[in-house]
Structures are given as C-alpha cells and as structure tokens.
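Here's the structure we're looking at; comments come further down.
Model, not experiment: these values are computed from the prediction. Lettering follows sequence order; numbering is per chain, from 1.
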There are 2 protein chains.
Amino acid sequence: MVAEGTIRDGVRLTPSAERILRTAARLFALNGYSATSTRDIAAAVGVQQPALYKHFSSKDDILSALVKLGLGRPVELAEAMTRRPGRAAAQLCRWLAECVRHLQGSPYVLVSIITTPELGQEHFASERALLDRLDRLVAELIGRGQREGDLRPMDPLSASRLVMALFDAMAMPEIAVRGEELIDFAMNGLVEDRNALEDIYREAAALDLASLDTQPG
Amino acid sequence: MVAEGTIRDGVRLTPSAERILRTAARLFALNGYSATSTRDIAAAVGVQQPALYKHFSSKDDILSALVKLGLGRPVELAEAMTRRPGRAAAQLCRWLAECVRHLQGSPYVLVSIITTPELGQEHFASERALLDRLDRLVAELIGRGQREGDLRPMDPLSASRLVMALFDAMAMPEIAVRGEELIDFAMNGLVEDRNALEDIYREAAALDLASLDTQPG
DNA sequence: GTCTATATCGGGATAGAC
DNA sequence: GTCTATCCCGATATAGAC
C-alpha cells in the first residue's frame, strides 16, 4: 500500500510533481514555454527554484511530461476509435467530445502544447512524434468517414490539422469557446450531409468507452 | 524623389528593415519568439547582431512591427467589409480569401503571430488591441450574417475565435493546409444552408476592393 | 526534499572605431 | 550602417547544508 502518487494517463506522479506540472502548464499556456522561467514556476508553486529539480531533471523534462500527459489520452482514444468497427464519423465526433472533456477537466492543458513552437527542436523528437501520430490517427478516421460517405471529400491530413487547430481557440485569453460550439463547428465543417448530423451525434453518444476507462497499460 | 523604402500596410520600411522582418517572422514562426535570439536573426540575415539595432530599437520592437504589418491589411479589409452594405456572409467569405492570399503572399507571417503568447505581456498592449479589434470586426460580420439568415446561430465571438484559430493550421510544419480548404472548412462550419454557399462564393468574388487597393492612410 | 549559495552560460543592448 | 568588444542581467542547473 504505497499511497503516494496517482496514475494519470499511464504516468505515475507524486502529488508534488503533479502540482508543478499543473502550474507549469498554466504558465506555459499563458506566456509561452521559453518566456516562462523555472523561477516563475517555482514561485507560483510556492517553493524555491532548485526544488523543481528534485522532481524533474530539467525544464525541458517538464514540457516533455506535460506533452505526454496532455496527449496520452487523446491518442489512446483515437487509437481505440480507429481500431473499432463502426461509423467513422460518429467515432470522430465522440473523440472530439472526449478531447474537449479532457481539455476542460484536466489541468494539463493540451491546448497551446499543440502549438508550442519549441517542440520543433531536435531533442523533442519523441514528443513531436506523438503529435504526428495523433494527426495521422485523426486523418485516418476522417478518410474512412469520407469513404463511408459521411464526410466531405478533402485532404484528410489537412482536415485533421484544421480540426486540431480549433483546440487553440479554447485556450485564447478571456472567455474561451465552449466545447459544444467547437464540436458543432468542426462537424459542420467536415460532414457531407448536414441532415445526417443528428444520427451521427446519437451514435457518437452511444459508443461504449468502458474498456478504455479501466486505464490499460 | 527619395527612392528608399517601400510602403507596406501603411508602414514605411527600408529594404534592410524589410529583410530583417522577413527573416525574423520565419524564425519566430518556426521556433517561437522567446526562443529566437537576436543573434539567430542576425545570422540568418547575414549580419552581426548589433547591426539590427540600427533598424529596430529592440527585439520587442521587431515583433511589434511584425504584428502591425501582419494584421494591418486584414484589419483594414475587415473594417471595409463591416462598413459596406451587402450580404455579410459574402463579405466574410471574401475577407477570408483575402487573408489567405495575404498569408501566402506576404513574408510577414500573420500566422503564429496570432498565437504568440508573448503578446500577452503588458508592453504589447497596443498590439493585442489590434488583434482584439480584428476579433470584434469578424464577430460583427458573423453576427450580421446570422441576422440575415445566412449563418448558423452561435456566439459570434466564439465563431470568430474558431475561424482565426484555423489560420494556425497553415503554419504547421511540413505541408501546410491549402487556402481553399481552409475557406471551405470555415464556411461550411458557419453557414446555415449549405445550398446557399455557391451564391455566397459568387457574391464574395464579385465584391469590389478597388478602393482599398489604392492604399489609403 | 527543501533550502541558500553559486557556477556557468547565453541573450539583449550599448560604445566606439571605421 | 556595419563592425568588434563588452557590459549586464537573468536563466538553467549544481553543490552542499539541514
């Protein structure tokens, strides 16, 4: 019974590490990664700057952990959706809804991690790979939705990029966009026949995610 | 006949300043503002770092100029559209098309300026104000389009944010999204009756922008 | 595992010669 | 208006006491 540490998106975290990540995520989203100093993070957490290094080996390590935590569940969900038989448009819709929920509920802001340009540097290759994987999974869902006749024909990868870009609107300053509006906007932008939307939403809501919620891996 | 300097978006620039801005924009978009050093910029331009300070008073000044140049024309266009009588949906559509053109043709990347988090700092208040103005103008167009029955009901400011967020997809690494796809996605996401889209596109294309191209102000 | 103190480095900006 | 040399500061990271 080692009571320390929760498991979140498959990563074990001590409560202190969790507080640091939560704080760092907020600051990164607000001011950008490079513009946020480790002193800023420490001050917001309420400790001295060197204390961070007992939990993370470097500043980059904090961002790395943040990306894994922010993208872990969305990738996992997208993978489950692509593997599953069924209507791709509904699966995409449900994936969107789950991402929005994840975004709103999680302290680890997926948003403005997607567009953190510092991730382009060489040593973040594995983090970028995760993002690319998500991109491809979503593109795959969209492509299948097109072949099934539910979604408009367009380059699936472009469509995936456009959908992902929308998440940023939820991070913008002041009042953010509501999740429902984001989903509606995205689905209306993608769907071939708008009259089918009601069915797609219904099917999406009916999808069973129970097997995922047991947190495998 | 003082032949030096071109006028661009209402800002006079020497050729050297123009090269610096072009280079800085690329680097900022690629690596982020804070992560790009003035030495990086100078090296890419092919001069020594202090040479930059003959053209700009600070690094922040470079970003500031970039924002003004990147947003100047989009704001100008949006203002012209909101002032003009006529179908708002078509005006929005034309504005989108012009922004995409501006984005593709201009070295001053509007993209990833919109989401540069460093602009949140206090001393960039006037630059942020420009962004807010654009946001409100687009929201105004969308609101009018809704009242005219062309666009789906939803919070106009949220809609504006979602549309603006799409521009980021054009900046993402590797192959970017084509402008046409972006416009289609946005308009499909906004429009009430998709059958009206053809008309809206036609009207948008027919809009006369001649009075603007004389570069007033 | 947190603290204080500090090493080390890189970035923004200025001085002054040419 | 570009160069070299340099100042100064802030940022990451480490050392070592408690």
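- Going from atom CZ of B:Phe28 over to atom P of C:dG11 covers 13 Å, rounded to whole Å.
- Remark: C1' of D:dC3 and NE2 of B:His55 are 13 Å apart, rounded to the nearest angstrom.
- For the contact set between residues 45-53 of chain B and DNA chain C, defined by any heavy atom under 4.0 Å, the members are B:Gln49, B:Pro50, B:Tyr53.
- Between the side chains of B:Asp184 and B:Tyr201, at least one donor-acceptor pair of N or O atoms lies under 3.5 Å.
- Side-chain contact of A:Thr82 with A:Glu140: a donor-acceptor pair under 3.5 Å is absent, judged by distance alone.
- Counting to the nearest Å, the P atom of D:dG1 and the CZ atom of B:Phe56 are 12 Å from each other.
- A sub-4.0 Å separation between OP1 or OP2 of C:dG11 and a side-chain N or O of B:Thr38 is absent.
- Looking at B:Arg39, its side chain comes within 3.5 Å of the base of C:dG12 through a donor and an acceptor atom.
- The side chain to side chain contact (heavy atoms under 4.5 Å, CB included) test with B:Met81 is passed by exactly one of B:Leu137, B:Leu207, B:Val138: B:Leu207.
- Residues B:Asp61 and B:Ser58 have side chains that never bring a donor and an acceptor to within less than 3.5 angstrom of each other.
- Annotation for A:Leu130 and A:Val75: closest pair O-CG2, 4.1 Å, computed over non-hydrogen atoms.
- Residue B:Lys59 contributes atom NZ, which lies 15 Å from atom P of C:dT14 at whole-angstrom precision.
- Rounded to whole Å, the distance from CD on A:Gln121 to P on C:dG10 is 14 Å.
- Nucleic acid contact for A:Ser34: none, since no nucleic acid atom lies under 4.0 Å from a heavy atom of the residue.
- One interatomic measurement links the two molecules: CD1 of B:Ile41 to C1' of D:dT2, which rounds to 17 Å at whole-angstrom precision.
- Side-chain contact, B:Ser158 with A:Glu181: a donor N or O sits under 3.5 Å from an acceptor N or O.
- Checked against side-chain hydrogen bond (donor to acceptor under 3.5 Å, both in side chains), B:Gln48 has no partners two or more places apart in sequence or in another chain.
- Using a 4.0 Å heavy-atom distance criterion, B:Lys54 is classed as a base contact.
- Taking atom CG of residue A:Leu27 and atom P of nucleotide D:dA11, one finds them 13 Å apart after rounding to whole Å.
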